[in-house]
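Below is one structure, written out as C-alpha cells; comments come after it.
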Amino acid sequence: ELLAGHAAQVDARLHAEADLRSRQQTITELHEAAPGLIDAETETELFERVVDIAARVLNFDRSSMFVSEDGQFSVVAGHGEGLERVPDEGSVLHRTYEEGESYLVRELSETPEAKPAYESTNSGLSVAVGDNAVFQALSAEPNAFDESDLELAELLAAYAGATLSRIRSERALRESRQVIERLHDAAADIAAAETEQGVLDRSIDAAERVLAFEKCAIVLR
C-alpha cells in the first residue's frame, strides 16, 4: 500500500506537469495566432477567424459566434455540425449577452436552465465578445470543458472584442467622412440655387439623401 501510494503521487505529479505544459503550449499558440485575428478587416472575417482558432488552437469541436441586432440573435460564424440554430430566450446565450458574464456548463443535467438549441448538447461554455456578440463552444460529451478552457476562451474573446471595437470605430470614421464629403457637395448644389424655393427644396433633399433623416421640414415665419 505504501509503494502504491508513492506511485500514485508520482503519477499525479506527472499528469499535473503534463497538463501545465499543454496549457502553456496552448497559450503560446493562441498568442501566436492573435496577430492574424487582430489584422481582420471586416466583422465577417474576424468572426470566421475566431471559430477557426477555437478549432485549430483550442481544439473545440463545435463553436459558433452570435451577434445581436435589434434584440435578435443570428449565427455569424460556426465550426462543426448543427450550429445554425439560436437558443430560446432565457438561455445561457442570452444571459451572457445581457450580463456580460462568462458561463461554464459542465453537465447539462445539472444545469437545466441552460436551454441549449440542440438536444445532443451536454456541456459548453459561453463568453461575451464586445457589446453585442457572444462566443460559444459546445460538446455532446458531459464535462468536456473546465475552468482552463473557459479562461482560454475568454482570452480569445478579449482579442476578438478589441479587434471588433477597432473595426467598428474605423467603419464609423469612414462613414462620417463620407457624409461630410457628400454634405459639402450638397452645399455647393444649394449655393447654386437661383430661387428661394430652390434653396429650400435642395436643402430638404440633402437632409433626406445625405443625412438620412426620415422626416424633415423647413419652416418660414
Ion pair present between Lys215 and Glu208, side-chain N to carboxylate O less than 4.0 angstrom?
->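 Judged by the 4.0 Å cut-off on N to carboxylate O distance, Lys215 and Glu208 do not form a salt bridge.
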Looking at Arg49 and Glu45, does any basic side-chain N land under 4.0 Å from a carboxylate oxygen?
->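 Looking at Glu45 together with Arg49, the answer is yes, because their closest N to O distance falls below 4.0 Å.
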Less than 4.5 Å apart, side chain to side chain, heavy atoms only: is that true for [X] and [Y]?
X: Val134; Y: Met65; value: no
X: His184; Y: Ile180; value: yes
X: Leu46; Y: Leu164; value: yes

Is there a path from [X] to [Y] through hydrophobic residues (I, L, V, M, F, W, Y) whose side chains come within less than 4.5 Å of each other?
X: Val75; Y: Tyr103; answer: no
X: Val67; Y: Leu37; answer: yes
X: Val105; Y: Leu152; answer: no
X: Leu125; Y: Val57; answer: yes
X: Ile53; Y: Val127; answer: yes

Say whether, by atom type as modelled, one donor and one acceptor occur between the side chain of Thr163 and the main chain of Tyr159 under 3.5 angstrom.
->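 Judged by distance alone, yes, a pair lies under 3.5 Å.
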Please answer whether the main-chain N or O of Leu108 pairs with a side-chain N or O of Asn122 as donor and acceptor at a distance below 3.5 Å.
->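 Absent.
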Assess Arg106 against Phe145: is NZ or CZ under 6.0 Å from the centre of the six-membered ring, and within 45 degrees of the ring's axis?
->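 Relative to the ring axis of Phe145, which defines the angle, Arg106 lies outside at least one limit.
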Any chance you could lay out the ring pair (Phe, Tyr, Trp, His ring centres under 6.0 Å) test for Tyr97 and Phe66, step after step, and finish with the verdict?
-> CA-CA 10 Å; Tyr97 166 71; Phe66 300 85; over 10 Å; no
With a cut-off of 6.0 Å (strictly less than), are more than 12 heavy atoms of other residues, nucleotides or ligands near CD of Glu41?
->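 Open: at most 12 neighbouring heavy atoms sit under 6.0 Å from CD of Glu41.
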Is there a side chain to side chain donor-acceptor pair (under 3.5 Å) between Ser64 and Gln136 once you walk through the steps?
-> CA-CA 5 Å; Ser64 54; Gln136 286 195 331; 5.1 Å; no
